[in-house]
Structures are given as structure tokens and as C-alpha cells.
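A quick write-up on the structure given underneath.
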2 protein chains.
Amino acid sequence: MRILTHPSRDGLQIDTVLAALADPVRLMIVKQLANADAAQACVSFDLPVSKSTSTHHFRVLREAGLIEQQYCGTSINSTLRREDLDRRFPGLLQAVLNAS
Amino acid sequence: MRILTHPSRDGLQIDTVLAALADPVRLMIVKQLANADAAQACVSFDLPVSKSTSTHHFRVLREAGLIEQQYCGTSINSTLRREDLDRRFPGLLQAVLNAS
DNA sequence: ACGGTACTACGACGCATTTCGTAGTACGTT
DNA sequence: AACGTACTACGAAATGCGTCGTAGTACCGT
């Protein structure tokens with residue numbers, strides 16, 4: 001329960017990334033992260049689902065390589081992997097964030 | 001069996017578009033369409049699934065607004081809705097096509 | 001040590017999606 | 001009219017996904 005694994009930048013797959021973004025709840029998370037200046041604890045997100053469902057979605061995002069999560073006390077701080085995403089799939093993140 | 005309905009450009013939803021792109025078979029179709037100079041009949045696609053499954057995926061793409069399909073004899077010619085997509089979600093299609 | 005907070009693991013349920021085969025329709029050709 | 005081609009509709013099976021509750025772990029504060 002101490003180490004969270006993340007895929008490397010070169011390991012990001014377009015299929016996985018698109019699938020991760022294709023869920024409305026996860027899209028909310030990504031948008032809230034994009035608008036945040038600092039890292040956010042999971043608990044600070046405003047999501048219309050239960051705690052365990054949140055955990056599930058954060059895990060999907062992390063395993064797809066969209067966010068980075070690290071422990072900080074009892075919390076987990078999440079950040080958007082902007083730079084890695086922009087390098088690997090230029091324009092993708094911005095296009096999704098601009099939408100709607 | 002004559003008229004195929006397509007969503008309007010303003011009716012395109014980012015969730016639906018991303019979900020449509022998140023399937024490997026459908027991504028193949030989109031890529032093959034992007035590389036084609038002219039409209040393609042469904043039969044000319046090289047896909048690792050059965051005929052009825054192809055029909056299903058083409059329908060999903062059409063209903064998401066990614067492709068346009070029109071009857072042409074016994075065939076259906078499909079084209080990518082590049083312009084509509086670029087207007088509605090600038091940069092998205094290109095980013096996906098560039099990936100991998 | 002105790003309690004509280006933040007998150008996870010697990011199992012379960014319901015629903016959507018992917019897949020296919022079969023049967024059928026529409027159209028062109030002979 | 002008869003046939004072949006291209007695609008669709010429908011139903012069925014398998015799989016996957018989103019959702020949740022419960023029980024549990026890890027950490028911090030008192």
C-alpha cells in the first residue's frame with residue numbers, strides 16, 4: 001500500500017488512453033485536475049459516485065497513464081501527466097479539455 | 001433501408017466520440033478512412049471480425065458522428081467527417097491519427 | 001493506545017458491449 | 001425473372017464495465 005505503479009511515457013497506448021477518457025466520471029476528474037493549480041486529494045473531488053467507485057476510476061486513469069498519484073500522509077495526491085501526454089500524443093489532451 | 005441518419009455537427013458529444021474511438025476495430029476503420037483518398041465501401045476494409053460485427057462498428061461510428069455513410073448501389077460508401085470534427089473538436093482527430 | 005480520516009480490496013450485481021450466425025432486404029447484372 | 005453482391009436486423013452468448021457495500025489497511029493526531 002505504499003507504492004503506486006505508473007506506466008512510462010513511452011508505454012502509453014492510445015486505445016487505453018481513449019478508453020479512460022470515454023467515461024463521463026473520469027472526464028470530470030481530468031477536467032477538475034486540469035483546472036487545479038496544485039495536486040488534489042481524491043476526497044476533494046466533486047463526483048456523483050460512491051467512494052469505492054471513485055477509487056476504481058482513479059485507478060483506471062492512473063493505469064492508463066493520465067494521472068500521477070502519490071501518497072501524502074493518508075491522502076493520495078493526484079496530478080495530470082500533462083507533459084507526458086503532450087509529448088506522446090500532441091494535441092490530444094488540449095482537444096479533449098476544450099470540448100464542451 | 002434507404003436513408004441513414006447522422007447527427008448534426010453541433011450534436012456531436014465528446015463522450016460519444018471518445019467512446020467510439022476507444023475500440024481497436026473502430027480505430028482501424030477510422031485510420032483506413034483517413035488514409036483513403038476516396039469514399040470506401042464497407043467491403044473494402046480489412047478487419048479481423050465478421051461481417052455483422054463490422055456492420056455494428058460502422059453504425060456506432062456513424063451514430064457518434066465520426067463517419068458519413070451513403071448508399072451507392074448495393075454498397076455503402078463511408079467517409080470521415082473531418083471538417084465537422086475539426087470544427088467541433090479542434091485537434092482531436094489529428095491527435096488520434098498521429099498516435100502510434 | 002485509541003480513534004478518526006483517506007483510501008483500497010473484494011465480491012456481487014446489473015447493464016452495456018462485442019461478437020457471431022442466420023435470415024432477410026435492396027440493388028445491379030444477366 | 002433469376003442470380004449474385006453488399007449490407008442489415010435480429011436474437012443469442014460471452015465478456016467487460018460501472019456501480020456499490022462491506023471489511024480492511026495505512027497513517028496522523030490526541
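Each chain gets a letter, A, B and so on, in the order the sequences are listed, and its residues count up from 1. Because the structure is a prediction, the values reported are computed rather than measured.
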Summary of protein contacts for nucleotides 11-19 of chain C, nucleotide by nucleotide, where a base hit scores B, a sugar-phosphate-only hit scores S (4.0 Å, heavy atoms): -------SB
Salt bridge (charged side-chain N to carboxylate O under 4.0 Å, His left out) contacts touching residues 31-51 of chain B (sequence neighbours left out):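 As it turns out, there is no salt bridge (charged side-chain N to carboxylate O under 4.0 Å, His left out) pair with a partner in residues 31-51 of chain B once direct neighbours are skipped.
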Mind checking salt bridge (Lys or Arg N to Asp or Glu O under 4.0 Å) for [X] and listing every partner two or more places apart, or none if nothing turns up?
{"X": "Arg9(A)", "result": "Asp84(A)"}
{"X": "Arg59(A)", "result": "Glu63(A)"}
{"X": "Asp23(B)", "result": "none"}

Listed partners of Ser75(B) passing side chain to side chain contact (heavy atoms under 4.5 Å, CB included), at least two apart: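 Counting only residues at least two positions away or on another chain, Ser75(B) forms a side chain to side chain contact (heavy atoms under 4.5 Å, CB included) with Ala41(B).
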Ring pair (Phe, Tyr, Trp, His ring centres under 6.0 Å) contacts touching residues 9-42 of chain B (sequence neighbours left out):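 For residues 9-42 of chain B, and leaving out neighbouring residues, there are no ring pair (Phe, Tyr, Trp, His ring centres under 6.0 Å) pairs at all.
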Interatomic distance where CD1 belongs to Ile29(A) and C1' belongs to dG18(D) [whole Å]: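 Computing the Ile29(A):CD1 to dG18(D):C1' distance gives 13 Å.
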d(CD1, Ile3(B); C1', dA26(C)) in whole Å: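 About 14 Å, once rounded to whole Å.
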Residues that Phe45(A) engages under ring-ring contact (aromatic ring centres under 6.0 Å, His included), provided they are two or more places apart: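 Listed in chain order: Phe58(A).
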For nucleotides 3-6 of chain D, print each protein N/O atom paired with a nucleotide N/O atom at under 3.5 Å, atom names and distance only.
| unit_1 | atom_1 | unit_2 | atom_2 | d |
| --- | --- | --- | --- | --- |
| dA6(D) | O4' | Thr74(B) | OG1 | 3.2 |

Under 4.0 angstrom between Arg59(A) side-chain N/O and dC7(C) OP1 or OP2: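 No, Arg59(A) has no side-chain N/O under 4.0 Å of OP1/OP2 on dC7(C).
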Distance-minimising heavy-atom pair for Leu85(B) and Leu66(B):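 Looking at all heavy atoms of both residues, the shortest contact is CD1-CD2, 3.6 Å.
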